[in-house]
Number of protein chains: 2
Amino acid sequence: MPKKIGQRKTQQREIIFEIIKNAPGPVSVQEILEAANTDEQSIGIATIYRTVKLLLSSHLIQSVTLPDGQARYENAELAHHHHFHCNKCGVVTDINECCMHLHDNEVAGNLIESHEITFFGVCKACRA
Amino acid sequence: MPKKIGQRKTQQREIIFEIIKNAPGPVSVQEILEAANTDEQSIGIATIYRTVKLLLSSHLIQSVTLPDGQARYENAELAHHHHFHCNKCGVVTDINECCMHLHDNEVAGNLIESHEITFFGVCKACRA
DNA sequence: TTCATTGCAAAGTTTTTGCATCTTT
DNA sequence: AAAGATGCAAAAACTTTGCAATGAA
């Protein structure tokens, strides 16, 4: 399955896609910007926004909108999972367990095809 | 349970809270602004933003983020519920049943304080 | 060499803040 | 009268866009 990112494969696009793929949870544009700007490399904010849009329309990443209203992006190839949002530090991480068992695919007369769960609380690090 | 809105009860705060409470669904800041500015009354945008924050921190309203990424607000007194988003007609409805039983208030080392679930599928009307 | 892509800076949007004035208590 | 709340306008924050320079093919 060839991954096509725009019409040309550039260093910036590779880096941005890698950052999103390797993150422990969905990342915001600000988080991508910080990760993309190190001593060795530097990517402009406009490129980040443009690349995120490009990756979205190529279905290589997908957006996750949590109840905090902040848009975040994650690799589109991930298995079914949910998200945990720390009320203290704001970090969002993936939760691979799914405690919902939809034997019942119907709720209140509606046919359920999928679901998204966001947990809120205090993360492992903030509890310490 | 007395409802305290800030330290003073003002007309603006009453109006904004009423708009949110009486709306048929969660409303955005823009929608509140439009509803609050009629021939008879006029409320500034800064007051809307300030009041929404105040109502949120007083837990009189809560924010809901629909798949369009826009932040919306609803009365917090609605019982614990979730949302169903119809993939066909786009309508969002409340789901009053909660099939999640968090006997376990810890997941992957994180302390769980609350959760939100969004179901996606085909609504009752679209199935007909 | 060609032309898509980048980075900067300017322009749009959205949200917050400072401050003088107004209103609640 | 005192102190919180409002409205305006300015400022800050967040996104998008134009354009000359750059770099992938």
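Each chain gets a letter, A, B and so on, in the order the sequences are listed, and its residues count up from 1.
With distances taken from any side-chain atom of B/T51 to the nucleotides D/dT16, D/dT6, C/dG7, the minimum falls on D/dT6. Closest to the side chain of B/K9, from the set C/dT6, D/dG7, C/dT25, is C/dT25.
Contact annotation: A/R13 reaches the phosphate of C/dT6 (side-chain N/O to OP1 or OP2, under 4.0 Å). Dashed line: the shortest gap from a side-chain N or O of A/Q30 to OP1 or OP2 of D/dA13 is not under 4.0 Å. Listed pair A/Y49 / D/dT15 meets the phosphate criterion, a side-chain N or O lying under 4.0 Å from OP1 or OP2. Phosphate proximity of C/dT24 to B/T10: absent, as no side-chain N or O sits under 4.0 Å from OP1 or OP2.
By the 4.5 Å heavy-atom criterion applied to side chains, B/Q62 and B/E116 are not counted as neighbours. Put simply, the side chain of A/K21 does not reach to within 4.5 Å of the side chain of A/E77, judged on heavy atoms. In this structure, B/Y73 and B/S63 have side chains that are in contact, with non-hydrogen atoms separated by less than 4.5 Å.
When rounded to the nearest whole Å, the span between CD1 of A/I45 and C1' of D/dC14 equals 9 Å. Summarising the geometry, the separation between CD on B/Q41 and C1' on D/dT6 is reported as 14 Å, rounded to the nearest angstrom. Put simply, CD on B/E14 is 14 Å from C1' on C/dT23, counting in whole angstrom units. Straight-line distance from the NZ atom of A/K53 to the P atom of C/dT5: 15 Å, rounded to whole Å. A/Q11 places its CD atom 11 Å from the P atom of D/dA25, with the value rounded to the nearest Å. Between the CD1 atom of B/I48 and the P atom of C/dT14 there is a distance of 15 Å, rounded to whole Å. Regarding A/I43, its CD1 atom lies at a distance of 8 Å from the P atom of C/dT6, rounded to whole Å. Computed from coordinates, the A/Q70 CD to C/dT14 P distance equals 16 Å when rounded to whole Å.
When all heavy atoms of B/K124 and A/A108 are compared, the closest pair comes out as CD-O, 4.1 Å. A pairwise comparison of heavy atoms in A/N110 and B/R127 identifies C-NH1, 3.9 Å as the closest pair.
Once rounded to the nearest 0.5 Å, the distance linking NE2 of A/H82 with CD1 of A/I95 reads 9.5 Å. One finds the CZ atom of B/F17 at 11.5 Å from the CD1 atom of B/I32 (value rounded to the nearest 0.5 Å).
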So which protein N/O to nucleotides 18-23 of chain D N/O distances come out below 3.5 Å?
residue	atom	partner	partner atom	Å
D/dG23	N2	A/R8	NH1	2.7

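Contacts of A/Q12 with the nucleic acid, taken as non-hydrogen atoms under 4.0 Å apart, involve only primed sugar atoms and P, OP1 or OP2.
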